[in-house]
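This report concerns only the one structure given below.
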There are 2 protein chains.
Amino acid sequence: MEAMDKRRLEELTGVFKALSHPTRLWMVEQLFESEQCVCEFVDVLKLDFSTVSKHLSILKQAHVIEDDKRGKNVYYKLRAQCIPTIISCLENSLGN
Amino acid sequence: MEAMDKRRLEELTGVFKALSHPTRLWMVEQLFESEQCVCEFVDVLKLDFSTVSKHLSILKQAHVIEDDKRGKNVYYKLRAQCIPTIISCLENSLGN
DNA sequence: TTGTCATTTGGCAATATAACCAAATATTAT
DNA sequence: ATAATATTTGGTTATATTGCCAAATGACAA
């Protein structure tokens, strides 16, 4: 593991780590369709507001999603446009 | 999160979790080139044999790699052929 | 300003993960 | 069979993650 590689590896593992929780992966998939605010996720997932917010912040920090504050709400949308491709790519790979 | 979705999500998060450790991601990238036995990883990484073995077993269980016992050695090789594509896809996505 | 709603942040307890050591297993060589 | 090498498994400790609660922030409304 060369030194220059280290940064790159950590950035990549950050993304994988962000996607490695069922709730987070599910939220990301919801954002394939359209942006959603935090409260919409809270309603559906029946998790604490703080829990949902923290999950979203992990995804944001990994540059998977980005936020957009509008009025009282914060809307999240997909930023890493390659994620849908990655997931279907993996599903094909696994389901053989 | 529908019930049918749950299995699929867990299988996918299993893959992401497996890839979300720098050492494991590095090992997977080594296997893009050619198969390697456990001892070769141990030599380069300077980690305990048991540590390396456990990392590889996590990747194997996620169907990312597969093993091939030959003689005294166990050789690991890439199984999920889409991983190289996924990584370069992500690198492009992040580096903009 | 005060109040209210949406969200984030800090702190805590429970659970999961990581790395090492030691012991167990497996395969080949003697 | 015994020994030597390669790998896996079990156990332990340290660290990280998860989910809740309570408190803090931020924006709009009255």
Side-chain angles (χ1 to χ4, degrees), chain A residues 1 6 9-28 30-31 34-79, chain B residues 1 6 9-28 30-31 34-79:
Chain A
M1 278 197 270
K6 206 181 172 193
L9 281 173
E10 273 166 14
E11 199 171 9
L12 283 172
T13 53
V15 177
F16 290 129
K17 200 174 287 192
L19 297 173
S20 70
H21 188 287
T23 302
R24 288 197 294 266
L25 187 56
W26 183 85
M27 291 195 292
V28 169
Q30 296 315 111
L31 299 181
S34 65
E35 64 170 22
Q36 301 221 0
C37 73
V38 185
C39 59
E40 290 174 295
F41 283 125
V42 171
D43 283 348
V44 180
L45 290 168
K46 292 173 183 173
L47 290 171
D48 195 88
F49 231 116
S50 65
T51 303
V52 172
S53 175
K54 277 172 184 170
H55 277 311
L56 290 166
S57 125
I58 288 168
L59 288 165
K60 179 186 164 189
Q61 207 187 313
H63 304 292
V64 171
I65 63 178
E66 58 191 346
D67 62 353
D68 182 14
K69 298 163 214 251
R70 292 204 305 275
K72 275 189 287 192
N73 299 306
V74 178
Y75 292 87
Y76 281 95
K77 66 178 176 186
L78 192 63
R79 178 176 174 190
Chain B
M1 277 198 272
K6 207 182 171 194
L9 281 174
E10 274 167 12
E11 199 170 8
L12 283 173
T13 53
V15 177
F16 290 129
K17 199 173 290 193
L19 296 173
S20 71
H21 188 288
T23 302
R24 288 197 293 266
L25 187 55
W26 184 85
M27 292 194 293
V28 169
Q30 296 314 111
L31 299 181
S34 64
E35 63 171 21
Q36 299 220 2
C37 72
V38 185
C39 58
E40 290 175 294
F41 283 124
V42 171
D43 284 347
V44 180
L45 291 168
K46 292 173 180 172
L47 290 171
D48 196 87
F49 230 115
S50 66
T51 304
V52 172
S53 175
K54 276 172 186 171
H55 277 313
L56 289 166
S57 124
I58 288 168
L59 287 165
K60 179 185 163 189
Q61 208 186 313
H63 303 293
V64 171
I65 64 178
E66 60 191 343
D67 64 352
D68 182 15
K69 297 163 213 247
R70 292 203 305 275
K72 275 189 287 192
N73 300 305
V74 177
Y75 293 87
Y76 280 94
K77 65 178 179 185
L78 191 63
R79 179 175 173 189

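In the text below, chain A, chain B and the rest are named by the order of the sequence lines, each starting its count at 1. On a predicted model such as this, the values are computed, not experimentally measured, just so you know.
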Checklist entry - Hey, does the side chain of B/S53 reach the backbone of B/S50 with a donor-acceptor pair shorter than 3.5 angstrom? => result no

Checklist entry - How many Å lie between NZ on B/K46 and P on C/dC20, as a whole number? => result 13 Å

Checklist entry - Around A/E66, counting heavy atoms of other residues, nucleotides and ligands shown, do more than 12 lie under 6.0 Å from its CD? => result yes

Checklist entry - Do the non-hydrogen side-chain atoms of A/L59 and A/Y76 ever get within less than 4.5 Å of each other? => result no

Checklist entry - To the nearest angstrom, how far is B/L59 atom CG from C/dA18 atom C1'? => result 14 Å

Item to check | Length of the CD-C1' vector between B/E35 and D/dA6, whole Å | outcome: 15 Å

For nucleotides 13-19 of chain D, tabulate all protein N/O to nucleotide N/O atom pairs closer than 3.5 Å, reporting atom names and distance.
residue: D/dT18; atom: OP1; partner: A/R24; partner atom: NH2; Å: 3.1
residue: D/dT18; atom: OP2; partner: A/R24; partner atom: NH1; Å: 3.3
residue: D/dG19; atom: OP2; partner: A/H55; partner atom: NE2; Å: 2.5

Checklist outcome for this item: B/D68 CG to D/dT7 C1', in whole Å, measures 14 Å

Checklist entry - Between the side chain of B/E40 and the main-chain N/O of B/C37, is any donor-acceptor distance below 3.5 Å? => result yes

Checklist entry - Which part of the nucleic acid, if any, lies within contact of B/F41, taking any heavy atom under 4.0 Å across all strands shown: a base, the sugar-phosphate backbone alone, or nothing? => result nothing

Checklist entry - Do B/V15 and B/H63 come close enough that some side-chain heavy atom pair is under 4.5 Å? => result no

Checklist entry - Taking only N and O in the side chain of A/Y76, is any of them less than 4.0 Å away from OP1 or OP2 of C/dA6? => result no

Item to check | A/N73 CG - D/dA29 P separation (whole Å) | outcome: 12 Å

Checklist entry - How long is the line joining CG of B/L56 and C1' of D/dT9, in whole Å? => result 15 Å

Can you give me the N/O atom pairs linking the protein to nucleotides 28-30 of chain C at distances under 3.5 Å, or say none if there are none?
none

Item to check | Qualifying residue, where the test is side-chain hydrogen bond (donor to acceptor under 3.5 Å, both in side chains) with A/R70 and the options are A/N73, A/D67, A/D68 | outcome: A/D68

Checklist entry - Side chain of A/S50: nearest nucleotide among D/dG10, C/dT8, D/dA6? => result C/dT8

Checklist entry - Got A/L31 and A/K77 here, is their nearest side-chain heavy-atom distance under 4.5 Å? => result no

Checklist entry - Does the side chain of B/V44 reach to within under 4.5 Å of the side chain of B/Q30, using non-hydrogen atoms? => result no

Checklist entry - How are the rings of B/H55 and B/H21 set relative to one another: parallel (under 30°), tilted (30 to 60°) or perpendicular (over 60°)? => result tilted

Item to check | Nearest-angstrom distance from the residue atom OH of B/Y75 to C1' of C/dT27 | outcome: 13 Å

Item to check | Whole angstrom value for the distance that separates P of C/dA23 from CZ of B/F49 | outcome: 18 Å

